[in-house]
Amino acid sequence: MWVVIGEQRGLSADTGERPAQFEHMAGVTRQSPGFVRGWWGADDTDPEVMHVLVMLDSRENAQALKQMVEQNVTGVRLRIMEVGVEVPEAG
């Protein structure tokens, strides 16, 4: 598995608007080939910064998502990480 890790400024200061922003991004990202799961949320110390984690099934699909976002979104910082170890949920 591979994870695209993102950080972007421009999150609405109005917390009531954030779910719609996240849902829009999630809707677009879900259509990416190899999409497995994703998480979107506001930074705890800077509420205008958003963090994103998107898991994909291959490096190629992660690179394709990263390239698509970089071509269409300004001010975003993206990294790709290979998942080396997966720890199951505490039970």
> Do V28 and M50 belong to the same hydrophobic cluster, where Ile, Leu, Val, Met, Phe, Trp and Tyr are linked whenever their side-chain heavy atoms lie under 4.5 Å apart, directly or via other members?
Replying inline: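 Yes, same cluster.
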> If Ile, Leu, Val, Met, Phe, Trp and Tyr residues are connected whenever their side-chain heavy atoms lie under 4.5 Å apart, and connections chain through other members, are V52 and L78 in the same group?
Replying inline: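 Per the 4.5 Å side-chain linkage, V52 and L78 are co-clustered.
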Please tabulate, for the side chains in residues 29-37, all donor-acceptor contacts under 3.5 angstrom to protein atoms that are two or more places apart in sequence or on a different chain.
unit_1: T29; atom_1: OG1; unit_2: M25; atom_2: O; d: 2.8
unit_1: Q31; atom_1: NE2; unit_2: G27; atom_2: O; d: 3.3
unit_1: S32; atom_1: OG; unit_2: T29; atom_2: O; d: 3.0

May I have the list of side-chain donor-acceptor pairs in residues 53-65 shorter than 3.5 Å, sequence neighbours left out?
unit_1: D57; atom_1: OD1; unit_2: N61; atom_2: ND2; d: 2.7
unit_1: S58; atom_1: OG; unit_2: N61; atom_2: N; d: 3.1
unit_1: S58; atom_1: OG; unit_2: N61; atom_2: ND2; d: 3.2

> For D44, does the CG atom sit with more than 12 other heavy atoms under 6.0 Å from it, leaving out its own atoms?
Replying inline: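 No.
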I'd like to check [X] versus [Y] (side-chain heavy atoms, cut-off strictly below 4.5 Å). Are they in contact?
X: R18; Y: W40; result: no
X: V83; Y: M81; result: yes
X: E7; Y: V76; result: no

> Taking all non-hydrogen atoms of both residues, which atom of T74 and which atom of Q8 are closest, and how far apart?
Replying inline: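 Closest approach of T74 to Q8, heavy atoms only: O-NE2, 3.6 Å.
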>> So which atom in A42 and which in P47 form the shortest heavy-atom distance, rounded to 0.1 Å?
In response: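 Looks like CB-O, 4.4 Å.
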> Atom CD of Q71 and atom NZ of K66: how far apart are they, to the nearest 0.5 Å?
Replying inline: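 Nearest 0.5 Å value for the CD-NZ distance: 11.0 Å.
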>> Applying side chain to side chain contact (heavy atoms under 4.5 Å, CB included) to H51 and W39, what does each step give before you reach the verdict?
In response: CA-CA 8 Å; H51 297 282; W39 299 265; over 6 Å; no
